[in-house]
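In what follows, a structure is listed as structure tokens, so that the remarks can point back to it.
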Amino acid sequence: MAEDGLRIGGLSSGLALLLNSEDGKENSSRSRFVSNCDDFGHQSVERTLEYIFGLSNKSLGLFPCSVDRNLIRSIIQNEFAKHYSSSDAWVSDRDGIGVVDNDSGSHIVGLEEFSICGDIKIIKPPLFVESLAMFSSARANVCVWKGKWMYEVTLETSGIQQLGWATRSCPFTDHKGVGDADDSYAFDGRRVKKWNKEAELYGQSWVAGDVIGCCIDLDSDEISFYRNGVSLGVAFSGIRKLWPGFGYYPAISLSQGERCELNFGGRPFKYPINCYLPLQAPPSINAYASQLLQCLSRLLGMERAERSSVERSRRLKRFVGHGEIFYPVSHGICEELFSVLEADAGSMEYVVWGRLLSFLMEVCGVQVPHDFSSLDRVVDVLLQFQGSPLMFEHILNALSCGCKTASVILTECPYSGSYPYLALACHILRREELMVLWWRYSDFKFIFEGFLSRKSPNKQDLQCMMPSVWWPGSCEDVSYESSMMLTTSALSDTVSKIEEKHRELCLMVIQFIPPISPPQFPGSVFRTFIQNILLKNRGADRNVPPPGISSNSVIVSLYTVILHFLSEEFAMGDTCSWLKSSDIDGRDVGFLHRGGQQSFPISLFLKNDPHRADISRLGGSFSHLSKSHPVYEHDAEVIRWEEGCMDDEETRVTHFTGQKPCCCSSYDADFTRSLKYPIRCTAKGSQGHCSAVPERSAHVAAECSAGSLNDEIADKPSTSDQSDFGYRPVRHTRTVPSDSNTSAATLREEELLDALLLLYHIGLAPNFKQASYYMSHQSQSISLLEETDKQIRERACSDQLKRLKEARSNYREEVINCVRHCAWYRISLFSRWKQRGMYAACMWIVQLLLVLSKVDSVFIYIPEFYLEALVDCFHVLRKSDPPFVPSSIFIKQGLSSFDVTSGRMIGSARSHTGLYHLEVQPDSVRQSHLGVTFVVTHFNDPRISSADLRDLLLQSISVLVQYKEYLEAFETNEAATLRMPKALLSAFDNRSWIPVTNILLRLCKGHGFGSSKHGESSSSSSVIFQRLLREACMSDEGLFSAFLNRLFNTLSWTMTEFSVSIREMQEKYQVSEFQQRKCSVIFDLSCNLARVLEFCTHEIPQAFLSGADTNLRRLTELIVFILNHITSVAEAEFFDLSLRRHGQSLEKVNRGMILSPLVGIILNLLDSGAEAECRLQNDVVGVFSSMDCPDTIHCGFQYLLQYNWPGSFRGESYLAKIRQLEGFLNLLLCRIEQQAIERTVCGEGTDGDDDSMCCICYASEADAKFVPCSHRSCYGCISRHLLNCVRCFFCNATVVEVVKVGENEMTP
């Protein structure tokens, strides 16, 4: 080939033979580039041009004139065009296809408008479409009936889309589309199914950025699909043959909000499939344009070769230099290229997206070192032509699309994925004229989003990226550990390279000053882009996002860029001096780490910008607040405070103190070395430690309500000693006018921080939620795998062994899949600098919120996402893997830096000449942990209107108190000890009872009957909070009475739900996974509620034994109710099976979990009754014996006595308790027998006596009546009824008061 001459010794072809004579003997074709004449200097140009244009040796004679672009064009047109005239010979026969002409008469393949059902909108020409209806379908205007054809679909979203082929007879409706009828075939990668009336499993799951090839082979009557050029196999075979004019049409069906880009051949295919033709024929000049670019490539190759061999070429002084011919040759080639492109309208896009883009990528190089010198020379030449603006628009569009579709290939790391496209784009956009052109394009924002896109891998992609998988405790090959470490390291480098290019591109946009009037400040374009992104993605956090939102990868990339700018500084010298800068210890530091005086423009909260219009504020909607709490003259104000102003002088940790915050500190190398394992997980018997990737704040409740709650609240070993950290009041805090209008016009770092939090809320939080799922599922799968391995070793039966091995294979696949996903999330989300930045952002925002919490008029305007992102980010760092800092350091500094005053303010913040100043009495200064103080202070803050947001803070308390270190922080926190006990009791309602139950259970654990078996010793409970809860209950009888009533009602409801679920499964005698999970969760909740009730009887027995016996009777009824449901299940094995989920042993989940607190309640009442004065006591035995179900009581207590209690205790300490219970049962039976004898002696009452009995309980006299309706019942039944309802239970009239018959009136 002619190209071979270019590479001889890395020299230009004109020098090849003389400098490498031995190579010339081996390959005679190379010698034709050198003149054989003595005066070869006159002929070297001709030979060189012959090589450049691929002409035969000596086909060019001596040039009569100097080489210029006219000469070059004449050579191209006279010699080179001869080959072009037959360049279409490669095009195969296109018989078997028919295109329906559009109105213009052209044969352009597109969508057939009248075939559209629903609402499909072309959001970007030519065929970038989106469905705005619930389900939309459309056909193309081309059909095929013979041959092999294909089209490509680039997925912009990865939801439900049905892509394929259909005949014209296929009906499209609001519910049916491609694949839902005969002669209609489709593939849906979201559901991983193929569709032809019925659905069958097929293919792989797809992700945004995938290119799906839809191929139809009408010679073999088959339809197949490809994902990124990889065959998914034949989907349909034996499809019906059709005739000319009535064939198969490309067709798509999209659900609402789904977007994709169709390519019928108007652009070169990303992944062309051999033998399959595009539906749209390529432009006729494509081959000619490709040959021209090939010539330009040879020319550049000669230049590179000449540069690499300057010393050797000096021996040939008479040879004409490459620089003398580069301009005329390159200019002539490009002039011809633009000429043919202009002559064939519409060919520009095809050529640019195909051969030209490949040419530019080859020139630049996909890996470092990039040949930017050659690239610059090419760009210089292209920019000289009139058609260059349109050409570069297509180039930028093609590069942007390449970023969306590029996959990370392990063998190409670290310069894989979107890196080559970004490197090329960043370099050419350094030219001001191209940056201006890009900014003026109507697709500027669309292209920018494409550059920030990054394709996510699916299961198969991760398998290719991480072929070897290892985790601590695994039985895999030992070599897999080092292999996976190398793999994850290479992938991490790739992600870092891509993120570096994202930052470089965004920095250029920030520095760009658009040429418009009036003059703009740097950052204005970037600010507008961010605002448009936020506006476009309003509602992205909803369960059903609105159409048109950006790809999640765009949000994540933009967040990552801003986080790096704020945390790690711009790292680009002094290019951003217009942004506020600081110097600490002679070095530039990021905004989040500067310390000293902090400030924030309040106007960000008080302006109702379009991109924030629908965002809820802490006090409600902006429109509501602007009417109910208007704030004036704040638009130009900035609130300022000093870092650490809330801390005590001795314990203050700031960026200017000797001890630095976690984000700016270095820790022991041993801790760093402990993080060497790329995969960490928790599993029974595993050698490694696991911490889960953070749980989403919105689903923190999952830690409280899902799974075995007793497992979740297991005591965590302490890694730090109890410490005393405190809070100081907010001092030196003020709000002052902004410096000037210029500062408001300039992009401020505070604006970036504001955008960062919203981007985190809508983009990062869902990713962390998904990561949390995989980490949790990984831990469960490993436990199941180890349990199965144990059973395999113990089983000898061949049938059972076969089933166990099949189960093991499935569990192992699940583990491997989870390990790969977790590793990818760790690579993409948890690099060290990102954790550092997240930590610093947490510290910064919480100080801001605490400062503003003292200014009611501003606090209520704070967007809810500030608080949501803060809580979520805290849990991310708390559970991150690898951890940002050791847990002891995180608790010490991470919480202590969240300090806030609980002291009294001298008046509210008052305004005088625009200045706000907060004064705090010196004696009110206290020390506390801010994380604790913050959630305790605000989880019932009436200024926060959203119940969901208050629940989020309450759920955070529920999660934190499960850990001993955090519980100690609560115990030493003044705000927690003063406010939390009563606040928890009042928060126990229909909405928040689950997290409150878990909090109370953790504070009071370890004292219940049978709890010591599972390690719940009294040392793991909180004696401090037990005392505080007891004092709160005794000091506020009304609060405790309301709490106890709700506790009775809730426990009764959970046990009823549990009983109904068990009965349903027992009737069908089958246990579905959903029903089993439901039973297990409800059972856990019932056990926890019973433990809380046991604590109440232990700490406040007088509530049941003194005064009216209403509480005691309700307690007795509840005990009998639970015993009846527990003992009524016919088969104990079925009962236990319905409770245990996969991986749970019988030892952990059994009936003893609910029976133990019942025994504890009875024993607590007996012990308290023996100690107190008998005259003040309600008769426990008498209340039990008065129940009209003696057989049920006897059966239930016998079950308690005969239960296998040794399995719930350590040692024999329980024997005395069981004997005490047996004595109570004997006494109860005697009392029941005595009452039965008395009833027999007395006989039945008269009819008149019946009228005086309570018609509700039929056990007491109707001694009270409602006012005003005068209906009668016993006082006990009325009292219980009024706890939950103030209406008469006979006529539903509102009860004004209750009057005891013959006594004074009593109010309800």
Side-chain angles (χ1 to χ4, degrees), residues 192 204-205 457-463 465-477 480-481 484 487-488 677-696 699 702-703 706-712 714 767-795 800-827 830 879-882 1071-1074 1076-1077 1080-1081 1139-1149:
V192 197
Q204 304 172 2
S205 63
N458 72 350
K459 178 180 178 179
Q460 288 73 22
D461 298 331
L462 286 174
Q463 186 174 355
M465 292 161 58
M466 304 177 198
S468 300
V469 173
W470 179 89
W471 63 93
S474 69
C475 301
E476 307 298 318
D477 194 311
Y480 286 4
E481 178 182 1
M484 188 167 188
T487 298
T488 53
Y677 293 114
I679 307 298
R680 310 179 75 86
C681 52
T682 296
K684 179 181 176 182
S686 295
Q687 299 175 359
H689 167 72
C690 172
S691 41
V693 171
E695 67 274 23
R696 168 81 174 103
H699 75 286
E703 289 196 26
S708 176
L709 300 184
N710 285 355
D711 292 343
E712 289 294 327
N767 290 0
F768 285 130
K769 180 179 180 180
Q770 190 70 13
S772 176
Y773 163 78
Y774 278 110
M775 290 300 289
S776 176
H777 192 52
Q778 171 183 315
S779 178
Q780 296 174 7
S781 299
I782 290 176
S783 298
L784 292 171
L785 179 62
E786 293 179 346
E787 182 68 23
T788 306
D789 285 337
K790 179 182 177 181
Q791 294 180 17
I792 289 176
R793 291 191 297 268
E794 296 174 352
R795 299 282 182 179
Q800 291 181 334
L801 193 62
K802 180 180 179 181
R803 289 195 298 269
L804 288 172
K805 287 184 176 181
E806 291 177 354
R808 185 192 185 280
S809 177
N810 294 331
Y811 293 147
R812 181 177 177 274
E813 287 299 319
E814 285 293 323
V815 171
I816 291 175
N817 182 47
C818 288
V819 168
R820 287 190 174 116
H821 276 92
C822 293
W824 177 250
Y825 281 116
R826 190 175 295 109
I827 290 167
F830 282 101
K879 300 287 292 281
S880 61
D881 181 24
V1071 181
S1072 67
E1073 183 178 354
F1074 171 77
Q1076 187 180 43
R1077 176 174 175 79
S1080 180
V1081 170
L1139 295 181
R1140 290 198 308 276
R1141 284 173 286 170
H1142 293 299
Q1144 289 183 321
S1145 63
L1146 180 61
E1147 183 179 355
K1148 277 192 172 184
V1149 182

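Of the possible donor and acceptor atoms, one in the side chain of Asp461 sits under 3.5 Å from a partner among the backbone N and O of Asn458.
If you take OG on Ser772 and OH on Tyr825, they are separated by 10.5 Å, rounding to the nearest 0.5 Å. The CD atom of Glu794 sits 11.0 Å away from the CG atom of Asp789 when rounded to the nearest 0.5 Å. To the nearest 0.5 Å, the span separating CD on Glu481 from OG on Ser468 amounts to 12.0 Å. Atom NE2 of His777 is separated from atom CD1 of Ile782 by 11.0 Å, given to the nearest 0.5 angstrom. Here CG of Leu784 is found 9.5 Å from OG of Ser779. Values are rounded to the nearest 0.5 Å. Atoms OH and CD1, from Tyr480 and Ile816 in turn, are 8.5 Å apart once rounded to the nearest 0.5 Å.
Using a 4.5 Å heavy-atom cutoff, the side chains of Leu785 and Arg808 are in contact. Arg826 has its side chain within reach of Met775: a pair of non-hydrogen atoms, C-beta onward, lies under 4.5 Å apart. Residues Val819 and Met484 form a side-chain contact, since some pair of their non-hydrogen atoms from C-beta on lies under 4.5 Å apart. Residues Trp824 and Met466 have side chains in contact (heavy-atom distance under 4.5 Å, counting atoms from C-beta outward). With a 4.5 Å cut-off on side-chain heavy atoms, Tyr811 and Ser781 do not count as touching.
Considering His821, Glu813, Arg820, Glu814 in turn, His821 is the only one that fulfils the side chain to side chain donor-acceptor pair (under 3.5 Å) rule with Asn817.
Nearest heavy atom pair, residue Leu801 against residue Ile792, reads CD1-CG2, 3.7 Å.
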